[in-house]
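Chain letters run A, B, ... following the sequence lines, proteins first and then strands; every chain starts at 1. The figures here come from the full heavy-atom set of this structure, side chains too, leaving out hydrogens, waters and symmetry mates.
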Number of protein chains: 2
Amino acid sequence: MKKADKHQKILVAATKVFGSKGFFSARISDIAKEAKVADGTIYLYFHNKYDILLTLFEEEIAKLIVDIKAALAQEEDPRRKLYIFALHHLKLVIEKKELAEVLQMELRQSSDSVKEYRITKFVDYVNIISGIIHQGQKSGIFRPELKPGIIKRAFFGALDEMSRLWILNSDHSYTIDDTADEISSIFLNGISLPA
Amino acid sequence: MKKADKHQKILVAATKVFGSKGFFSARISDIAKEAKVADGTIYLYFHNKYDILLTLFEEEIAKLIVDIKAALAQEEDPRRKLYIFALHHLKLVIEKKELAEVLQMELRQSSDSVKEYRITKFVDYVNIISGIIHQGQKSGIFRPELKPGIIKRAFFGALDEMSRLWILNSDHSYTIDDTADEISSIFLNGISLPA
DNA sequence: ATTAGAAATGAATTTCTATTCATTCTATTC
DNA sequence: GAATAGAATGAATAGAAATTCATTTCTAAT
């Protein structure tokens with residue numbers, strides 16, 4: 001097995017274990033077992049437990065950004081773009097459940113040391129939303145008085161919360177497409193009827 | 001000092017410590033020190049570390065529900081109610097920063113054991129939102145085709161994400177009122193201009 | 001003032017697990 | 001097929017903290 005393969009294999013295992021038990025409750029030996037390597041082997045590829053989490057986070061968000069940007073490039077209309085972003089984000093939850101769980105956690109971990117780091121890659125991701133909003137305001141489609149900085153957070157928060165619902169419940173009354181549609185519709189048109 | 005006081009004193013200390021270091025990185029001895037009691041004393045009031053977190057969560061959410069319901073009772077219009085909910089939720093972040101941090105974490109902790117429990121009280125809280133939506137749909141103010149179950153999550157998610165921003169950043173460009181206003185405005189009216 | 005019972009203490013114990021490293025395995029080269 | 005270097009192993013170590021409990025301190029009733 002190539003070196004890169006084992007690195008990857010450990011990351012995949014770690015994603016699974018972190019996703020199900022959470023970072024702190026996850027044991028190195030759990031990850032090792034899942035990856036079918038010895039405990040010590042993990043330290044040939046990562047500095048320590050936390051390093052596994054960070055690497056995971058970095059690499060996966062980077063992939064996500066590439067994917068979503070490619071999908072958005074196909075589309076001109078900011079309204080459609082918002083929908084596409086929602087769809088992509090929610091798809092992640094279906095296709096990479098464990099990863100989604102890890103991201104959710106990692107983002108919230110309130111430990112001062114974690115607060116420091118984190119940011120960079122994730123900020124890039126969320127800024128894709130404000131880019132869309134901005135474009136829509138420039139072309140006169142979105143209300144100009146709204147602050148992209150708030151909207152991006154609100155939109156991301158809404159999606160993130162839906163993801164959590166998906167992860168926690170197993171019922172799944174709604175499809176991904178319906179959910180993406182409803183969320184983007186709420187943001188685009190609001191919930192009030194015209195007076 | 002009365003027994004109940006010490007119970008409370010430990011909870012307050014725990015809120016502070018959990019909020020700043022996170023549940024797992026928080027030490028019982030940190031909490032003891034903060035509460036100015038001996039380590040062992042904590043075990044006279046709580047079964048274990050996790051029990052502190054759960055109690056905290058339960059008691060505080062219960063208070064929050066009472067508060068917010070009282071505020072809502074003053075108001076008839078569902079649109080105003082949504083704003084009031086937002087305002088109250090965001091105020092929590094200002095007034096009880098540490099508590100807000102604990103709630104954020106606790107909600108996300110993905111460890112199967114935690115997933116089990118959690119729910120009850122928190123569900124009650126979020127259901128206040130769907131109650132408002134429902135009322136608005138019944139009285140013909142909100143679009144009837146939207147699903148309250150999704151909206152409540154989206155709305156809560158948006159607020160929760162704003163809270164996180166507040167906790168993480170110290171810049172705070174916007175006031176609480178403006179933010180509550182903007183978030184509820186987005187939900188009520190959407191971001192698109194009339195065609 | 002005495003004292004029984006409750007409450008609090010914090011050093012000692014126990015448990016748990018991340019990390020290390022001496023040893024073993026594997027594959028490549030001559 | 002022996003030699004060598006790189007990779008992998010997993011038992012042993014070390015450190016950290018949750019929890020316990022023998023002892024001390026406080027409280028209030030008589």
In whole Å, I'd like the distance from the NE2 atom of A:H47 to the C1' atom of C:dT20.
16 Å
Would you work out how much the helix from C:dA1-D:dT30 to C:dC30-D:dG1 bends between its ends, with each end axis defined by five base pairs, to 10 degrees?
0°
C:dT9 C1' sits how many Å from B:K33 NZ, rounded?
16 Å
Whole-Å distance between D:dA17 P and A:F24 CZ?
11 Å
Quick check on D:dT9: is either OP1 or OP2 less than 4.0 Å from any side-chain nitrogen or oxygen of A:T41?
yes
Would one find more than 12 heavy atoms of other residues, nucleotides or ligands at under 6.0 Å from atom NZ of A:K16?
no
Quick one: does B:E182's side chain have a donor or acceptor within less than 3.5 Å of a partner on A:L146's backbone?
no
The complete set of salt bridge (Lys or Arg N to Asp or Glu O under 4.0 Å) pairs with one or both residues in residues 62-74 of chain B, sequence neighbours excluded, reads B:E60-B:K63
Hey, is the side chain of B:R27 poking within less than 4.0 Å of OP1 or OP2 on D:dA16, counting only N and O atoms?
no
Check the phosphate of C:dA8 against B:Y45, side-chain N and O only, distance under 4.0 Å to OP1 or OP2. Yes or no?
yes
What is the distance, rounded to the nearest whole Å, between atom CG of B:L44 and atom P of D:dC21?
13 Å
Can you tell me the distance, in whole Å, between the CD1 atom of A:I31 and the C1' atom of C:dT17?
12 Å
Spacing between A:I28 atom CD1 and D:dA12 atom P, to the nearest angstrom:
20 Å
Give the rounded distance in Å between these two atoms: NZ of A:K36 and C1' of D:dG10.
18 Å
Output yes when a side-chain donor or acceptor of A:K9 lies under 3.5 Å from a complementary backbone atom of A:V37, and no otherwise.
no
Here the distance between atom P of C:dA18 and atom CD1 of A:I52, to the nearest Å, is 9 Å
Test item: A:E98 side-chain N/O and A:S20 main-chain N/O as donor-acceptor pair under 3.5 Å
no
Looking at D:dT19, C:dT9, D:dT9, which one has an atom nearest to any side-chain atom of B:A38?
C:dT9
Does the ring pair (Phe, Tyr, Trp, His ring centres under 6.0 Å) test come out yes or no for B:Y83 and B:F187, once each step is laid out?
CA-CA 10 Å; B:Y83 167 77; B:F187 273 78; over 10 Å; no
Please determine if a side-chain N or O atom of B:K49 lies less than 4.0 Å away from the OP1 or OP2 oxygen of D:dT19.
no
Would you say the side chain of B:F24 lies within less than 4.5 Å of the side chain of A:S25, judging by non-hydrogen atoms?
yes
Phosphate contact (C:dA8 OP1 or OP2) by B:Y43 side-chain N/O below 4.0 Å:
no
Report yes if a side-chain nitrogen or oxygen of B:K6 is closer than 4.0 Å to either non-bridging phosphate oxygen (OP1 or OP2) of C:dA8; otherwise report no.
yes
